[in-house]
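Before any comments, here is the structure.
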Amino acid sequence: MADFHLLTTDWYRQNHRDLPWRNTTDPYYIWLSEVILQQTRVAQGLSYYEKFVRNYPSLESLASAEEQQVLKDWQGLGYYSRARNLHFAAKQIMNEFEGNFPSSFRDLKKVKGIGNYTAAAIASFAYKEPVAVVDGNVYRVLSRCFDLSTPIDTSAGIKEFQDLAQLLIHPVHPDIHNQAIMELGALICTPKKPECNVCPINSICLARQNKTIENRPVKSKKTKVRQRYFHYFIEESNHIHLAKRSEKDIWQNLFEFPLFESLSEKDFQLKHKELSNKSIYHSEVITHLLSHQKLNVVFYHMKEINEEFDGREVFKIDVERLSDYPVPKLIENYIDRINNERK
DNA sequence: AATCCGGGGAT
DNA sequence: ATCCCAGGATT
């Protein structure tokens, strides 16, 4: 398919969105944008990109920041390991690479938080190295255009699509080639109701011919969700009590209210009955969805809270200092709710 | 090879 | 409710 490159890039030149990270070839800014956009829509990541460019205008500024501040700036974006790895990687590049941003696919992959996709993106956008990106968009476009039924979440599928994408890449213009195929997936070849009638490659799309568009790409697994049961404690005073999550679990290195976790629904209800009596007030059961977990949460307002809780140190914090502490969306939402009720 | 890690928007 | 988003690390 010699047409594939020509058709997609011609379309891209006329129809692409004007996004800030497309107006630079600085690998640092491209890196920031790519990490922010991992598993994240452009619309959601855009303001975070602008914030990070503003707060960390250089690799050095990011490397010399405190992790807690980086997490605070990341708050609300999810997948917080991205922020921890981003900060770790900035220091890594300062030390192992003497402050010079790695400039090849091979070296980029040595950096924490940079995998196949991000290494290919930076290498092709910043250095025009002919390496193909394979992200969710690429899986969709290629599986449809070539009508491939190999599940994309198996090692065979990963290899097949990576090889095909690499076969298609343009040796001289890998940057616009990669951008074009992803933009096509984002704007035209969408998961639901793709706009095949205006698609620049509809004339060579095999899934369109075979009427299998709705069944591409194929995925083999479905994620199952674990139930968890949290009891959070809030003291009725001028201070807020926070504890840091340090264990290998969700929200690592973020802060939350002192927590008691029930390990079963039965224990959750038992504990709820007991704590309802001891508390001044308690919220209803709030459910908070994560990709692999469903959190069932009750907030209990207490007269007093211990300084140590479940073996973790509890920090007593002035309400005004709350903005220094990164917290999960669940906690942020509840703090907002308390503040609104006081008005 | 399988599982874990968030939050939000579209359907 | 379900899917999936400019994925990567860990086991």
Side-chain angles (χ1 to χ4, degrees), chain A residues 12 16-17 19-22 30-49 71 74-86 88-89 108-125 132-141 151-159 161-162 165 175 177-187 189-194 214 217-226 228 245 247-254 256 287-295 326-333:
Chain A
Y12 177 80
H16 70 83
R17 294 166 289 181
L19 300 171
W21 47 86
R22 287 180 173 157
I30 293 172
W31 174 52
L32 282 183
S33 72
E34 293 302 340
V35 175
I36 287 170
L37 292 174
Q38 285 167 8
Q39 293 292 286
T40 304
R41 288 169 202 282
V42 166
Q44 191 188 357
L46 191 51
S47 66
Y48 285 85
Y49 174 77
L71 281 170
W74 199 271
Q75 180 177 314
L77 196 55
Y79 283 164
Y80 297 95
S81 67
R82 291 183 292 167
R84 297 192 306 271
N85 289 341
L86 189 77
F88 180 95
L108 285 161
K109 286 250 308 175
K110 297 174 183 167
V111 176
K112 194 83 161 175
I114 297 185
N116 279 334
Y117 166 77
T118 305
I122 300 172
S124 63
F125 299 159
V133 296
V134 181
D135 72 335
N137 293 304
V138 176
Y139 279 121
R140 197 162 53 249
V141 171
I152 62 173
D153 53 354
T154 60
S155 43
I158 292 169
K159 182 173 179 6
F161 283 92
Q162 182 72 59
D175 46 352
H177 176 97
N178 281 335
Q179 293 276 18
I181 185 168
M182 289 194 286
E183 192 76 339
L184 187 63
L187 298 185
C189 195
T190 48
K192 310 280 181 187
K193 296 202 294 184
E214 306 291 326
V218 173
K219 276 192 169 179
S220 65
K221 319 172 178 68
K222 28 205 162 287
T223 63
K224 58 169 193 270
V225 176
R226 172 163 75 116
R228 293 181 77 173
R245 294 184 70 90
E247 56 279 5
K248 203 155 58 184
D249 196 352
I250 58 171
W251 302 330
Q252 189 178 36
N253 292 4
L254 272 64
E256 62 188 355
T287 60
H288 186 84
L289 257 46
L290 284 63
S291 48
H292 285 72
Q293 299 183 20
K294 180 177 179 182
L295 309 182
V327 298
K329 198 69 184 174
L330 168 68
I331 302 295
E332 181 189 346
N333 287 348

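The chains referred to below are lettered A, B, ... by the order of the sequence lines, with proteins before strands, and numbering in each begins at 1. Treat the numbers as computed from the prediction; the structure is a model and nothing was measured.
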If you measure from the [atom1] atom in [N] to the same atom in [M], how many Å do you get, rounded?
| N | M | atom1 | value |
| --- | --- | --- | --- |
| C/dA6 | B/dC5 | P | 23 Å |
| B/dG8 | C/dA9 | P | 24 Å |
| B/dG9 | C/dG8 | P | 24 Å |

List in chain and number order the residues that pass ring-ring contact (aromatic ring centres under 6.0 Å, His included) with [X], two or more places apart in sequence or in another chain; answer none if no residue qualifies.
| X | result |
| --- | --- |
| A/H288 | none |
| A/Y48 | none |
| A/F161 | A/Y139 |
| A/Y12 | A/H16 |

Rounded to whole angstrom units, what separation is found between the [atom1] atom of [X] and the [atom2] atom of [N]?
| X | N | atom1 | atom2 | result |
| --- | --- | --- | --- | --- |
| A/Y79 | B/dT3 | OH | P | 15 Å |
| A/R82 | B/dC5 | CZ | P | 15 Å |
| A/Q44 | B/dG6 | CD | P | 13 Å |
| A/N85 | B/dG6 | CG | P | 12 Å |
| A/L187 | B/dA10 | CG | P | 14 Å |
| A/L254 | B/dC5 | CG | P | 14 Å |
| A/H292 | B/dG7 | NE2 | P | 14 Å |
| A/Q293 | B/dC4 | CD | C1' | 9 Å |

Would you tell me if any nitrogen or oxygen in the side chain of A/W251 comes within less than 4.0 Å of OP1 or OP2 on B/dG7?
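The answer is yes; a side-chain N or O of A/W251 sits under 4.0 Å from OP1 or OP2.
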
OP1 or OP2 of B/dA2 under 4.0 Å from side-chain N/O of A/K221
yes

Would you mind classifying the nucleic acid contact of [X] as base, sugar-phosphate or nothing, using non-hydrogen atoms under 4.0 angstrom?
| X | result |
| --- | --- |
| A/T190 | nothing |
| A/S291 | base |
| A/W74 | nothing |
| A/G115 | sugar-phosphate |
| A/D153 | nothing |

To the nearest 0.5 Å, tell me how far A/Y79 OH sits from A/Q38 CD.
10.5 Å

For A/G115, does its backbone N or O pair with a side-chain atom of A/T118 as donor and acceptor, under 3.5 Å?
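No.
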
Could I get the full list of salt bridge (Lys or Arg N to Asp or Glu O under 4.0 Å) partners for A/R22, not counting sequence neighbours?
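Partners of A/R22 by the salt bridge (Lys or Arg N to Asp or Glu O under 4.0 Å) criterion, ordered by chain and then number, come out as A/E183.
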
Show me the pairs that pass salt bridge (Lys or Arg N to Asp or Glu O under 4.0 Å) and involve residues 110-125 of chain A, at least two apart or across chains.
A/D107-A/K110

Given side-chain contact (heavy atoms from CB on, under 4.5 Å), test A/Y117 with A/V133 step by step and report yes or no.
CA-CA 5 Å; A/Y117 166 77; A/V133 296; 3.7 Å; yes

Applying side-chain hydrogen bond (donor to acceptor under 3.5 Å, both in side chains), name anything that partners A/N137, two or more places apart in sequence or on another chain.
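A/N137: side-chain hydrogen bond (donor to acceptor under 3.5 Å, both in side chains) contacts with A/D135, A/R140.
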
Comparing A/A156 and A/G76 on DNA chain B - which has the more 5′ nearest nucleotide
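The residue closer to the strand's 5' end, by nearest nucleotide, is A/A156.
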
Judged by nearest nucleotide, the residue sitting upstream toward the 5' end of DNA chain B, A/D249 or A/K193, is A/D249

Would you mind reporting whether A/L86 and A/W74 have side-chain heavy atoms less than 4.5 Å apart?
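Side-chain contact under 4.5 Å: yes.
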
Map A/R22 and A/K248 onto DNA chain C by nearest heavy atom, then report which one ends up closer to the 5' terminus.
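Checking each residue's closest nucleotide, the 5'-ward one belongs to A/R22.
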
Boundaries of the DNA chain C segment in contact with chain A, non-hydrogen, under 4.0 Å
C/dC4 to C/dT11

Counting only heavy atoms and a strict 4.0 angstrom limit, can you tell me which residues of residues 34-43 of chain A come near DNA chain B?
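Result for residues 34-43 of chain A: A/Q39, A/T40, A/R41, sorted by number.
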
